[in-house]
Protein chains: 2
Amino acid sequence: MRGRSDVLEPAILGLLHETPMHGYELRKRLNLVLGSFRALSYGSLYPCLKTLVARGWIAGEESPAAPPHALSGKRARIVYHLTAAGKEHFQGILASSGPASWEDENFDVRFAFFAQTDAETRLRILEGRRSRLTERLETVRQSFHRTRERMDEYTLELQRHGLEQVEREVRWLDGLIDNERGVRPARPTGTDRPVDADHAEGAPRPGSELKERG
Amino acid sequence: MRGRSDVLEPAILGLLHETPMHGYELRKRLNLVLGSFRALSYGSLYPCLKTLVARGWIAGEESPAAPPHALSGKRARIVYHLTAAGKEHFQGILASSGPASWEDENFDVRFAFFAQTDAETRLRILEGRRSRLTERLETVRQSFHRTRERMDEYTLELQRHGLEQVEREVRWLDGLIDNERGVRPARPTGTDRPVDADHAEGAPRPGSELKERG
DNA sequence: GTTAGCATGTAAGGAGTTACATGATTTT
DNA sequence: AAAATCATGTAACTCCTTACATGCTAAC
């Protein structure tokens with residue numbers, strides 16, 4: 001999975017689009033958005049902020065840090081915010097739903113900022129992602145069947161599991177696409193339990209109905 | 001998540017441990033082993049082979065390429081094989097089931113060569129991986145509940161989906177661990193297909209009945 | 001006779017990591 | 001007084017990618 005083309009930059013712009021922040025706080029939020037729990041390092045973050053400033057997309061102001069209990073001190077933090085050019089650029093990123101945007105990591109970041117996009121773009125990206133995945137499924141299924149005799153059980157199992165995961169993600173996307181189209185899906189069949197019981201209404205509700213097989 | 005520490009090297013050693021091969025063929029096999037369908041480039045592969053030769057773990061012989069229909073020509077291919085030192089080193093890699101080995105990509109590669117390892121090591125790695133994942137689950141679940149009010153629906157959904165995937169992988173590991181212990185799992189809890197249908201002794205037999213679905 | 005696949009490589013560079021360096025503030 | 005956490009950065013390095021360069025063979 002690494003068709004990576006700078007996942008950091010759009011993620012930073014996206015977060016700052018919501019609200020200004022300083023570097024340290026950005027990092028914590030990024031670790032959530034960047035999906036996979038990886039701990040982003042300062043060695044990546046601060047240089048990236050620098051180049052974004054250089055390009056004129058964000059600007060940083062030293063804030064004397066208004067501590068809740070006041071006094072003079074506390075180390076001055078640099079609070080970054082999107083400039084006008086930065087907002088424009090970010091909108092451009094969101095609108096460009098080209099092939100790059102349905103690669104693994106890029107997709108995650110795009111998806112995380114879906115709330116800032118229009119429904120049309122959301123659909124384009126979801127469907128692009130879906131066809132990307134089914135395309136993969138075909139390739140892998142074929143090589144699976146071609147080579148299964150020559151593989152040991154563990155390699156086989158790893159591949160079966162991989163396939164299953166992708167199949168599941170396709171169904172997830174199906175739910176999201178239906179939802180985006182305003183189709184209210186039938187009650188989920190029960191295997192896909194929500195992390196939490198209650199759910200706000202109007203929320204995207206992927207009816208990831210997946211039937212057990214076998 | 002990239003706690004990557006050279007996933008290529010062990011993968012190459014592992015494949016050559018099974019049978020000697022030349023670079024071009026290695027690449028194709030690697031794309032399967034390396035799980036995620038990514039197309040590994042020659043720009044990575046050949047330099048890596050070079051350094052492995054330099055370290056004395058593999059050796060390459062120019063073979064005039066015995067074409068099936070014979071004649072003189074065809075470009076000479078360099079067929080690589082593990083040296084004695086290389087075999088030893090690879091066994092060392094397999095045996096070292098330290099924390100590094102239960103990170104995402106490393107785990108996949110380790111798992112792919114489980115057939116070359118002893119049952120004890122397999123169990124250590126599977127269990128290490130499992131506790132790594134549950135640890136993550138806790139962290140993410142907590143931040144999920146702490147911050148859910150401040151997040152939009154899409155970010156929320158992305159995180160819910162991520163959590164679900166990890167939960168599923170834990171159940172998958174549970175199946176494998178049971179299997180490794182020779183426990184015949186009671187009917188799986190319902191959402192995951194049986195990892196094991198019938199049971200040969202000692203041998204893991206993933207029930208890879210992968211039916212095509214319309 | 002030209003496209004597709006086999007086969008091996010090099011050079012430049014991108015996106016990120018680790019390890020280091022520094023210092024203030026809060027908690028124990 | 002020590003330890004944790006907040007806060008900002010730099011330098012060196014790693015692993016891998018893209019784009020290039022070369023040439024042979026099989027199939028259409």
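Every chain is numbered from 1 and lettered A, B, ... according to where its sequence line falls, protein lines coming before strand lines.
B:Glu120 CD: 12 or fewer foreign heavy atoms inside a 6.0 Å radius. For A:Gln91, the CD atom is densely surrounded, since the number of other residues' heavy atoms within 6.0 Å is greater than 12.
One can place CE of A:Met21 at 17 Å from C1' of D:dT8, the figure rounded to the nearest angstrom. Here C:dG16 presents its C1' atom at 15 Å from CG of A:Leu49, a figure rounded to the nearest Å. Distance CZ (B:Arg77) to C1' (C:dT8): 12 Å, rounded to an integer number of Å. Regarding B:Asn31, its CG atom lies at a distance of 14 Å from the C1' atom of D:dT17, rounded to whole Å. C:dT8 atom P lies 6 Å from atom CD1 of B:Ile78, rounded to whole Å. Rounded to whole Å, the distance from CG on A:Leu52 to P on C:dA15 is 12 Å. Put simply, OH on A:Tyr42 is 12 Å from P on C:dT17, counting in whole angstrom units. Between the C1' atom of D:dC6 and the NE2 atom of A:His22 lies a distance of 8 Å, rounded to the nearest Å.
When B:Leu16, B:Thr51, B:Leu13 are each tested for a side-chain contact (heavy atoms from CB on, under 4.5 Å) with B:Trp57, only one passes: B:Leu13.
For the residue pair B:Ser41 / B:Ser44, a side-chain donor-acceptor distance below 3.5 Å is found, with atom types taken as modelled.
Between B:Ser41 and D:dT17, a side-chain N or O to OP1/OP2 separation shorter than 4.0 Å is present. For A:Ser44 and C:dT17, the shortest distance from a side-chain N or O to OP1 or OP2 is below 4.0 Å. Taking only side-chain nitrogens and oxygens, A:Lys28 never comes nearer than 4.0 Å to OP1 or OP2 of D:dT5. In this structure, B:Tyr46 reaches the C:dT8 phosphate: one of its side-chain N or O atoms is under 4.0 Å from OP1 or OP2. An OP1 or OP2 oxygen of C:dT10 is reached within less than 4.0 angstrom by a side-chain nitrogen or oxygen of B:Lys50.
Counting non-hydrogen atoms under 4.0 angstrom, B:Gly43 reaches a base of the nucleic acid.
Closest to the side chain of A:Tyr24, out of D:dC6, C:dT10, D:dT10, is D:dC6. Closest contact between the side chain of B:Pro47 and the listed nucleotides D:dC16, C:dG16, C:dT10 involves C:dT10.
The residues A:Glu9 and A:Arg55 are annotated as salt-bridged, a charged nitrogen and a carboxylate oxygen being separated by less than 4.0 angstrom.
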